[in-house]
Amino acid sequence: MRVRYAPSPTGSPHVGNIRTALFNWLFARHHGGRFILRIEDTDAARKIEGAEEEIMESLRWLGLDWDEGPVVGGDFGPYRQSERLSIYQDMARRLAEEDKAYYCYCSTERLAEMRAQQAKEKRPPGYDRRCRELPPSQRPAGIPPLVRYKMPVEGKTTFHDLIRGDVTFDNAVLDDFVILKSDGYPTYHLANVVDDYLMEITHVMRADEWIPSTPRHLLLYEACGWRPPLFVHLPIILGPDRAKLSKRHGATSLAAYRDQGYLPEAMLNFLALLGWSLDDKTEVLTKEDIVRHFSLERVGKTAAIFSLEKLDWMNGLYIRHLGAEDLRDRLMPFLDKGLPPEAPRPLSPGYVLAIASLVQERLKKLSDVVELTDFFFVDDLSYDVSLLLGKSLKRDLASQALELSIQRLKPMAVFDAHSLEETLRPLAADLGLKTGAFFGLLRAAVTGRAVTPPLFESMALLGRERVMDRLEQALGRVKAILGLTG
RNA sequence: GGCGCAUUCGUCUAGCGGCCUAGGACACCUCCCUCUCAAGGAGGAGACCACCGGUUCGAAUCCGGUAUGCGCUACCA
């Protein structure tokens, strides 16, 4: 079995696009077939420099390796359509010679006018076939022609979709579509059919939106005298507004999710579940699990909305299951990029390792680490004094609590989490404070935040010097307020 | 407008004629645990299976129609 992922390099691939790649890859790996990457760069105008590299980078990030295609080569290359132009041109010429296609000289302006007229008269749009029977003698000179397929005017075309069953179209609703543009480039329809044939693709697995063009492709296979492959149309992925996922949905490119700190293994698991399921309960699956069980029979037919909530949960789950050093290594670049410049670099791997274990079960995304742990790296804690006083804490009590804490902390022989808790916990009672209120005060003083990793572990990691320093500073701030208001 | 595809909790889905007074997960709510936040544990609420007709002893499951959504309708893919 041979399947392909055939993106056009018009930008960084979005998750819907990549999901199609994933299903092709899963299908190939499950059946021991070949997964081919083919770049469909037939639209010179929309082609974006660097997009091809981004496509490959996205595939690599998810771990979808291709057996043939750019970089790796293969026996059916080249795998970039812009390098296969003569093949399409020869084919278009052949079809024209066999009277299965014809040259069209209509200008873009005329076509636009025609469409406007059709719309006005509420007639179905489509080429009016003016050039269809144009004798060679009447061909205008000096106008580079394009080539159109000579669509049968009657009859029906039916194809069998592996997950949708038979789909039938009336040939009459199909117009004479362009197969070769006037710039010598093929359209998707021609290039796709020619390449799928020449590359011996057995299953064309692509998004739902291609269903309406499948009869054109089928007719093209027929015109060329080729046996068509099997067709599989995958449900599309919609944005939260139920429209087809596209650029305007914000962070839809796979790379954007990577940059936010989603793990590739979580993304792969999540994407696989968008349209495929193993059974009525299993949801957490490794790549190997999915490959082992993947089957077209369990691919659904309804469009799915790409919603972040479940992805976030799954990402957190995968983060929690990471080994300590693995997590540290993945966190490092996010800290490096996200921490303010005053945080000393390079970051200490040992220090980050300890921090990582403190936040592991608190992360949904790797990028969350910055907000959660910046106080470990930066000494200038800028927080509002009200954070120290809280809602119910009297000011004099706050200052008293800080003073007492400093006093008790000073003589501690070992400054570890356990000893810290042993010396500080009784203090709450001594002060007549609830532990929540007391620890909240200390937390604010030491971290400048209301929400942090566990207090004693954090204090131990920060070290005696910094903790004492921050407590003193907090005390000073509370006292300043006391003095101000009497 | 034409053509096509789809239609089960807010979301992802299980279900392929009786196991369904519809199962799981995320999100949500409550409680427990607890130094905050998480994580974890225990509960809860949430779907008249889009609607209307058939077929059948019996339908979420089969058939037809309607509605709605989405897609296609380019010298884009």
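A, B, ... follow the sequence lines: proteins, then strands. Residue 1 opens every chain. What you see is a predicted model; the values in this text were computed from it and never measured.
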Sticking with atom [atom1], work out how far [N] lies from [M], rounded to a whole angstrom.
N: B:rG54; M: B:rA59; atom1: C1'; result: 12 Å
N: B:rA60; M: B:rU8; atom1: C1'; result: 7 Å
N: B:rG71; M: B:rU66; atom1: P; result: 22 Å
N: B:rG41; M: B:rA25; atom1: P; result: 11 Å
N: B:rA14; M: B:rA6; atom1: P; result: 15 Å
N: B:rG1; M: B:rA38; atom1: P; result: 49 Å
N: B:rC57; M: B:rG44; atom1: C1'; result: 38 Å
N: B:rC49; M: B:rG4; atom1: C1'; result: 24 Å

From [options], nucleotide with atom closest to [X] side chain:
X: A:Thr108; options: B:rA6, B:rC75, B:rC3; answer: B:rC75
X: A:Ile211; options: B:rA39, B:rC5, B:rG71; answer: B:rC5
X: A:Pro125; options: B:rC75, B:rU73, B:rA27; answer: B:rU73
X: A:Val173; options: B:rC3, B:rA6, B:rC12; answer: B:rC3

Pi-cation contact, A:Tyr318 with A:Arg320 (under 6.0 Å, within 45°):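 Here A:Arg320 fails the 6.0 Å and 45° test against A:Tyr318.
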Geometric cation-pi criterion A:Arg148 and A:Tyr127, 6.0 Å radius, 45° cone: yes
Donor-acceptor pair present, A:Ser213 side chain and B:rC72 base, under 3.5 Å: no
N/O (side chain, A:Arg115) to phosphate O (OP1/OP2, B:rC75) under 4.0 Å: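 Checking B:rC75 against A:Arg115, a side-chain N or O does come within under 4.0 Å of OP1 or OP2.
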Polar side-chain atom of A:Arg477 near backbone of A:Leu388 as donor-acceptor pair, under 3.5 Å: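 No, A:Arg477 side chain to A:Leu388 backbone: no donor-acceptor pair under 3.5 Å.
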Evaluation steps, side-chain hydrogen bond (donor to acceptor under 3.5 Å, both in side chains), between A:Glu121 and A:Gln117: CA-CA 6 Å; A:Glu121 294 169 17; A:Gln117 190 63 27; 2.5 Å; yes
